[in-house]
Amino acid sequence: METLILPGNGPETPKTAADILKSGGLVAIPTETVYGLAANGLDPEAVAKIFIAKGRPQDNPLILHISEASEMERYCHSIPESAYRLAEAFWPGPLTMVLPARDCVPKCTTAGLPTVAIRCPDNHITRQIIACAGVPLAAPSANLSGKPSTTTAQHVLHDHDGRIEAIVDGGPCRVGVESTIVDLSDDTPRLLRPGGITPEQLAAVIGELVIDKAVSASVEKDAVVKAPGMKYRHYAPDCRVLIVDGDLLAAKAYVQKHWVPGNRVLCFEEELEAFAEFSPLAYGRSDDMDTLTAGLFAALRELDDPSIGTVFARCPKGSGKALAVQNRLEKAAGFCRINAREKSLVLGITGGTGCGKSTLLGVIEKLGGVVIDCDAVYHRLLLESKEMLSAIESRFPGVVIDGKLERKKLGNIVFSDRDALCDLNAITHKAVKAEVLGLLPTEPALIAIDAIGLFEGGLAEICDMTVAINAPENARIQRLTARDGISEAYATSRIRAQRSPEEFSSLCDVTLENNDTEAAFQKKCLAFLQGLDIIES
Ligand code: TXA
Ligand code: MG
C-alpha cells in the first residue's frame, strides 16, 4: 500500500485520518511526547494490525488515547479521586494513568489485563482526529518494536513506509520521550515509567507515590511486571551502547583508552569539543533537560547503524525529567553502565581572597566535578549544628542565646585573645572537617575542597593534591573593591591580614598564577586539570 503523508495543518486531515481509522486502518499520529501508531482502540481487528506492523509482543498492552478528560469514565471504572486530580493538573499532557478497564475495552488492547492505560495527549490535531473518529485510539509509540521511538514523521516513514495507511505530519515532538505512566489501580499510586511529568510533580498533586523498581533496574524476561513493556529491551540502536558516567576528564580518558575506529560518542553539546576526536553526536545540553528529552530518540536513531561498534553515551544526573532520560538510555544500553573514574581524585583548593579560586572551581564544576565550599559549610553549621554551637557555648559562656550565636560578642572575645581564637578554631575546624567527610560522594568522583583554611582545618590530609591560587596584589584589590563594594584601603588590609601568596605556595603541591585575563586563567585551569588526568591514568 502507499502510505499517505497528511499535513498536520491541512484542513481535511482530521477527517481523512478519522475515516481511515474508523474503517479499521492504521494512522501514525503526532503527540507532544512521540509519534503513536494508532488504530480504533475498540476494534480488536484494527488493534491486531498494530501488533503486526510493530512486531510487538502480544502480551504488551496499548495506551488508549482520548480527546478529553471526561471520556475517561467511558473506558474505566472505580476511578479514584486522585485520577481526577491528576487529569485536572496534567491533561491534556504527557501523563498516562492505569485504571480498571470497562468491558467495552477489548482484550487485545489491554493484553488481557483487567486494567487499561489511558491518556489525553497535548496535541491539537490528534485530539481533533480522536473527536472526529468518535472512538478512542489505541496507540503505542510508532517505532518498530525494540527500536528507538519516533519523534518526527520521517522517523515513522522510515519504519513503516508502505505498511500503514497514513502518517499525520505534525512536526517534531516537543517532549520527545514517552508519557509518564502512573498506576492508580492499586491502593498506592505507582510510577511505572518516568516521563515529561516528574515524580515530584505527581507527588505534589496526589501525595504518596511509589517508584516501581523496574524504572531503574533491569527486569528478567519472564518476570511478572506491572507494565509489561518494561521487561523488553527497548529504544536500542543496532550497536552496543555503554553509558560512561563520571566527570568529563575521566570519561574522555576512558573513551580514549577503549577507542576503536567505528565507535561513536553520544554526549552533551558542551562536551562536543572535548570528544572532538571521537566522532561525537550531541543530543542536548546537560543544563537543560528539555533539550535532552527532545533530542534523545533522534540521536539514538542516527546511531542505529550496524557499522557502528560501541556508542559511549553520557547520561544526565539528578531527578525530575533527568529520570526519564536515564531510564531510556539505560534501556538502550541494556543497563551497561560504568563510572569512568575508578578512584576519587580529591583536590584541595586554597588561596587568599580575590585570587580567583572560584574560576578554577567553576571549571571543575563544568567538567562534572563536585565542589565542596567549606566556607558555606561553616556558615550552615553555625545556623544548624547544635553540637558545634554547644561546644562554642561551653568554651565561651554567654555567646549563644536561644540557640543563636551572637557573632559580634564572640568576635570581641577571640580577636583580642590568641588562645581564645585557637580554641574556637579547634572547635569549628573539627566540625567542618567532619561535615566535609560526610559530604564526600560515595561514588568515585573528581572532588574539589575549597577552603582558605585548608591546612589549619586538617582538610589537606584528605586531599590527593593541594593547589594554591595566587594573583598579583593590585589585581586582587581591584577584584575585591568591585565584588564587595569596599574601599581600596580596606581591601588591602583584608588581603594583608591573610597568609601571603608565598606561604600558600610553599604549603601546596601546586601553584596556579592568575596573572592574566579571566579567560586565560580558565584555560590555564583546564590545561592543569587535563594534565592531572594524564598523570593519573
Ligand atoms: O507517550 C506515550 O505514552 C506514547 C504516545 C504515542 O502516546 N505511547 C507509548 O506507548 O509510549 P507504548 O506502547 O510504547 O508504551 C506503553 C507502555 C508499555 O510499557 C505498556 O506495557 C504499558 O504502557 N501499559 C499499557 N497498558 C498497561 C496496563 N494496563 N498496565 C500497565 N502498563 C500498561
Ligand atoms: Mg514504545
Side-chain angles (χ1 to χ4, degrees), residues 26-39 41 47 50-51 53-66 75-76 90-102 105-123 126-127 129-130 136-151 155-156 159 168 170 173-186 189-197 212 214-215 219 223-236 293 297 300 324 327-328 331-332:
L26 299 184
V27 178
I29 50 167
T31 82
E32 79 282 31
T33 58
V34 300
Y35 275 74
L37 184 56
V47 171
I50 296 177
F51 286 88
K54 271 192 65 118
R56 181 176 175 107
Q58 293 288 337
D59 69 347
N60 195 0
L62 305 177
I63 294 174
L64 210 51
H65 296 70
I66 54 179
Y75 312 111
C76 308
F90 302 118
W91 277 359
L95 176 69
T96 296
M97 298 194 260
V98 172
L99 292 163
R102 285 195 190 276
V105 184
K107 289 277 171 255
C108 71
T109 297
T110 64
L113 293 175
T115 53
V116 62
I118 195 150
R119 130 168 158 88
C120 180
D122 183 17
N123 183 290
T126 286
R127 286 212 315 285
I129 295 171
I130 301 169
L137 299 182
S141 50
N143 53 287
L144 291 173
S145 199
K147 289 294 172 187
S149 298
T150 40
T151 52
H155 293 160
V156 184
D159 284 14
V168 178
C173 301
R174 173 173 59 84
V175 178
V177 292
E178 305 87 338
S179 59
T180 301
I181 304 181
V182 62
D183 183 357
L184 299 171
S185 67
D186 258 346
R190 182 178 285 269
L191 180 80
L192 300 185
R193 180 174 74 184
I197 304 292
D212 198 275
V215 166
V219 176
V224 178
V225 289
K226 284 277 180 181
M230 293 190 294
K231 70 184 178 201
Y232 297 105
R233 188 170 181 226
H234 248 111
Y235 318 122
T293 58
F297 284 129
L300 286 176
N327 169 267
R328 306 310 189 275
K331 294 210 164 172

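Position 1 is the first residue of the sequence; numbering continues from there. None of the values given here were measured: they were computed from a predicted structure. Order of listing sets the numbers, starting from 1, for every ligand and every atom in it.
Asp212 and Arg193 are not joined by a salt bridge, as no carboxylate oxygen comes within less than 4.0 angstrom of a charged side-chain nitrogen. A salt bridge is defined here as a Lys NZ or Arg NE, NH1 or NH2 lying under 4.0 Å from an Asp or Glu carboxylate O, and Glu178 with Lys331 fails to meet this definition.
The backbone N or O of Leu144 lies less than 3.5 Å from a partner atom in the side chain of Asp159, making a donor-acceptor pair. With hydrogens and angles ignored, the 3.5 Å screen pairs a side-chain donor or acceptor of Lys54 with a backbone N or O of Ser141. Side-chain N or O atoms of Thr33 include none that pairs as donor or acceptor with a backbone N or O of Gly176 at under 3.5 Å. Under the 3.5 Å distance criterion, the side-chain polar atoms of Arg174 are left unmatched by any main-chain donor or acceptor of Thr31.
Remark: ligand 1 and Arg56 share an N or O pair separated by less than 3.5 Å (distance only, no angle test). Among the atoms of Tyr35, none of the N or O lies under 3.5 angstrom from an N or O of ligand 1.
Around atom 29 (N) of ligand 1, the closest heavy atom drawn from Ile29, Asp183, Thr115, Val105 belongs to Thr115.
From Ile118, atom CD1 reaches atom OH of Tyr75 across 7.5 Å, with rounding to the nearest 0.5 Å.
Because the distance cut-off is set at 2.8 Å, Ser149 fails to qualify as a neighbour of the Mg ion (ligand 2), as none of its N, O or S atoms comes that close.
Within ligand 1, the atoms closer than 4.0 Å to a non-hydrogen atom of Ile63 are 3 (O), 8 (N), 9 (C), 10 (O), 16 (C), numbered from 1 in the order shown. Annotation for ligand 1: atoms under 4.0 Å from non-hydrogen atoms of His65 are 5 (C), 6 (C), 7 (O). Ligand-side atoms of ligand 1 in range of Arg119: 1 (O), 2 (C), 3 (O), 5 (C), 7 (O), range being under 4.0 angstrom from any heavy atom. The atoms of ligand 1 that sit less than 4.0 Å from any heavy atom of Ser179 are 1 (O), 2 (C), 3 (O). Residue-ligand proximity, Leu113 to ligand 1, at heavy-atom distances under 4.0 Å covers atoms 28 (C), 29 (N), 30 (N). Those atoms of ligand 1 with a heavy atom of Gly36 less than 4.0 angstrom away are 6 (C). Close approach of ligand 1 to Asn60 is summarised as follows: ligand atoms under 4.0 Å from at least one heavy atom of the residue are 18 (C), 20 (C), 21 (O).
Residue contacts with ligand 1 for Thr110 are absent, since no atom lies close enough (heavy atoms, distance under 4.0 Å).
Inspection of the Ser185 and Arg190 side chains reveals no N or O donor paired with an N or O acceptor under 3.5 Å.
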